[in-house]
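Data block below; observations after.
Given the structure is predicted, the values throughout are model-derived calculations rather than measurements. By convention in this document, chain letters (A, B, ...) are assigned in the order of the sequence lines, proteins followed by strands, and residues within each chain are numbered from 1.
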2 protein chains.
Amino acid sequence: MSPHPVHSTVAVVLQVREARLQVLVWQRAKEPQSGRWTLPGGTLAAGESLEQSIRRHLAAKVDVQELSHLEQLETRVDAAVAPSWQVSTAYLGLVPTHLDPAIPADTRWHPVDALPPLAFDDGVTIERGRDRLQAKLSYTNLGFALAPPEFTVSELRTVYVAALGHAVSATNLQRVLLRRGVLEPTGERREPGPAGGRPAALFRFRTRALAITDQFAVLRPQRAGE
Amino acid sequence: MSPHPVHSTVAVVLQVREARLQVLVWQRAKEPQSGRWTLPGGTLAAGESLEQSIRRHLAAKVDVQELSHLEQLETRVDAAVAPSWQVSTAYLGLVPTHLDPAIPADTRWHPVDALPPLAFDDGVTIERGRDRLQAKLSYTNLGFALAPPEFTVSELRTVYVAALGHAVSATNLQRVLLRRGVLEPTGERREPGPAGGRPAALFRFRTRALAITDQFAVLRPQRAGE
DNA sequence: GCAAAAGTGTTGTGTCTACACCCATGT
DNA sequence: ACATGGGTGTAGACACAACACTTTTGC
């Protein structure tokens with residue numbers, strides 16, 4: 001066993017596709033765990049940061065330009081990998097619905113609630129990524145990372161339903177996000193389809209950088225006062 | 001430069017001491033950064049997990065039994081350290097107020113709002129640890145990790161004030177934590193001091209394991225319904 | 001006119017802060 | 001009695017879910 005561990009970075013890349021939250025995974029051709037699916041990633045090179053590393057490895061799978069958000073999840077020592085001693089840092093990456101990145105033949109999108117057999121602890125890592133996404137959808141503007149640049153409220157609703165895994169009321173979605181100043185109307189409207197219906201107003205996220213919009217700041221006095 | 005990085009673990013150990021939130025730091029005797037203060041920690045050994053590693057290194061500074069909470073913060077590649085290539089994983093550790101761990105001569109507690117010159121990026125790491133603590137005090141029962149086993153509401157209040165850095169109303173603190181089922185009365189009372197005053201009821205945290213007590217779960221329907 | 005889809009008005013509920021007031025003790 | 005510190009009652013602000021209702025379109 002070498003004196004220093006091999007450090008690798010992996011990513012849970014999530015996107016809402018066909019109204020389901022899906023994760024990008026890659027099928028191992030070689031041992032160990034041949035045939036099983038794993039998260040994309042690879043080893044850390046000298047002189048690069050962890051974020052540079054995961055972006056470099058993902059570039060082989062997805063166009064990095066298409067990642068609308070990337071944040072670190074957790075680092076752990078991988079137990080089972082026999083000869084080499086491995087430390088890996090997991091990231092969460094998000095891709096907005098209007099993009100359909102070209103991916104290599106050995107990779108595939110799988111719904112996070114119907115995963116194939118996974119290698120190592122990747123199942124746990126995916127779950128952690130999904131939990132993080134779900135939590136941040138509630139108290140930040142992270143929706144921008146899943147949604148296209150412009151959308152109607154009901155389009156945004158299907159994204160939230162897929163990501164959160166429960167029903168979401170379009171009425172309340174619109175009101176919450178407008179009240180918090182997360183969405184703004186573009187002024188344009190989407191013309192109705194052949195079935196008719198009132199034309200829908202188009203919205204966009206006011207900013208496309210992560211911001212906390214619901215300070216769960218209990219116990220804080222409201223009038224100034226440090 | 002070796003082919004693999006050296007992996008080290010460090011910890012932001014926080015405790016409320018003398019009504020201020022303080023962090024345990026250690027003064028470097030050797031270059032690089034001799035004389036500056038750094039976070040305790042050390043290199044990862046083969047066969048141990050990251051959590052085992054940081055607990056082992058901390059054992060030299062603080063009795064590990066006294067850590068009431070330990071969670072991972074962030075991993076990053078340390079830039080400046082000249083010859084060796086370093087990756088380090090930071091943890092947040094908490095010590096309850098009723099303990100006063102014996103610490104070696106080269107370590108000291110420093111208030112997080114009045115820090116001495118720090119080596120590397122340790123200032124940023126400490127800030128991140130404090131932010132995490134402050135956020136979790138709002139929506140979890142993490143107060144158990146700072147508070148002694150039993151306490152009056154006003155004692156708990158001073159802990160929260162020190163940790164959060166802003167005024168906290170004893171009235172509201174009691175009500176919020178009781179409503180959420182975080183605290184429970186022990187049934188005992190604390191006799192008043194020589195100045196008199198009504199005797200205070202004693203409370204304890206109902207559980208001393210981390211639990212989310214305020215689901216910021218906006219947009220979730222209240223009647224069942226997946 | 002009628003169906004379809006979007007959007008608004010309104011009500012009820014719960015959680016929170018703030019502040020007035022009451023309670024139990026020592027001197 | 002009165003000072004000291006602990007605890008409760010209550011009102012107002014706000015955010016939210018739910019649901020009825022109205023608006024705007026196609027056929």
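As a whole-Å value, the separation of A:N172 CG from C:dG9 P is 15 Å. Rounded to whole Å, the distance from CG on A:L173 to P on D:dA15 is 17 Å. One interatomic measurement links the two molecules: CD of B:E191 to C1' of C:dT25, which rounds to 9 Å at whole-angstrom precision. Separating the CZ atom of A:R190 from the C1' atom of D:dG26 is a distance of 17 Å, rounded to the nearest angstrom. In this structure, the CZ atom of A:F151 is 12 Å from the P atom of C:dG7, given to the nearest Å. The separation between A:Q174 atom CD and D:dA15 atom P is 17 Å, rounded to whole Å. Between the CD atom of B:E188 and the P atom of D:dG6 there is a distance of 18 Å, rounded to whole Å. Separating the OH atom of A:Y139 from the P atom of D:dC16 is a distance of 15 Å, rounded to the nearest angstrom.
In terms of modelled atom types and a separation under 3.5 Å, the side chain of A:R189 and the main chain of A:A200 share no donor-acceptor contact. Not a single donor-acceptor pair under 3.5 Å links the side chain of A:R36 to the backbone N or O of A:P117. Remark: the backbone N or O of A:A211 is paired with a side-chain donor or acceptor of A:N141 at under 3.5 angstrom.
Contact annotation: A:R179 reaches the phosphate of D:dC16 (side-chain N/O to OP1 or OP2, under 4.0 Å). Contact annotation: A:R198 side-chain N/O to C:dT8 OP1/OP2 distance is not under 4.0 Å. Under 4.0 angstrom from either OP1 or OP2 of C:dT17 there lies no side-chain N or O belonging to B:S169. Between B:R189 and C:dT25 there is a side-chain N or O to OP1 or OP2 distance below 4.0 Å.
Crowding of A:R108 atom CZ: a count of heavy atoms from other residues, nucleotides or ligands under 6.0 Å not exceeding 12.
Residue side chain A:R175 reaches the base of C:dG9 through a donor-acceptor N/O pair under 3.5 Å, judged by distance alone.
Within 4.0 Å (heavy atoms only), A:A170 reaches no atom of the nucleic acid at all.
Toward the 5′ end of DNA chain C lies the nearest nucleotide of A:A195, the other residue of the pair A:L178 and A:A195 mapping further downstream. Ranked by how close their nearest DNA chain C nucleotide is to the 5' end, A:G196 and A:T171 are led by A:G196.
Between A:R179 and A:D214 there is no salt bridge, since no side-chain N of the basic residue sits under 4.0 Å from a carboxylate O of the acidic one.
For A:A200, counting side-chain heavy atoms from C-beta on, the closest listed nucleotide (D:dG7, D:dC16, C:dA6) is C:dA6.
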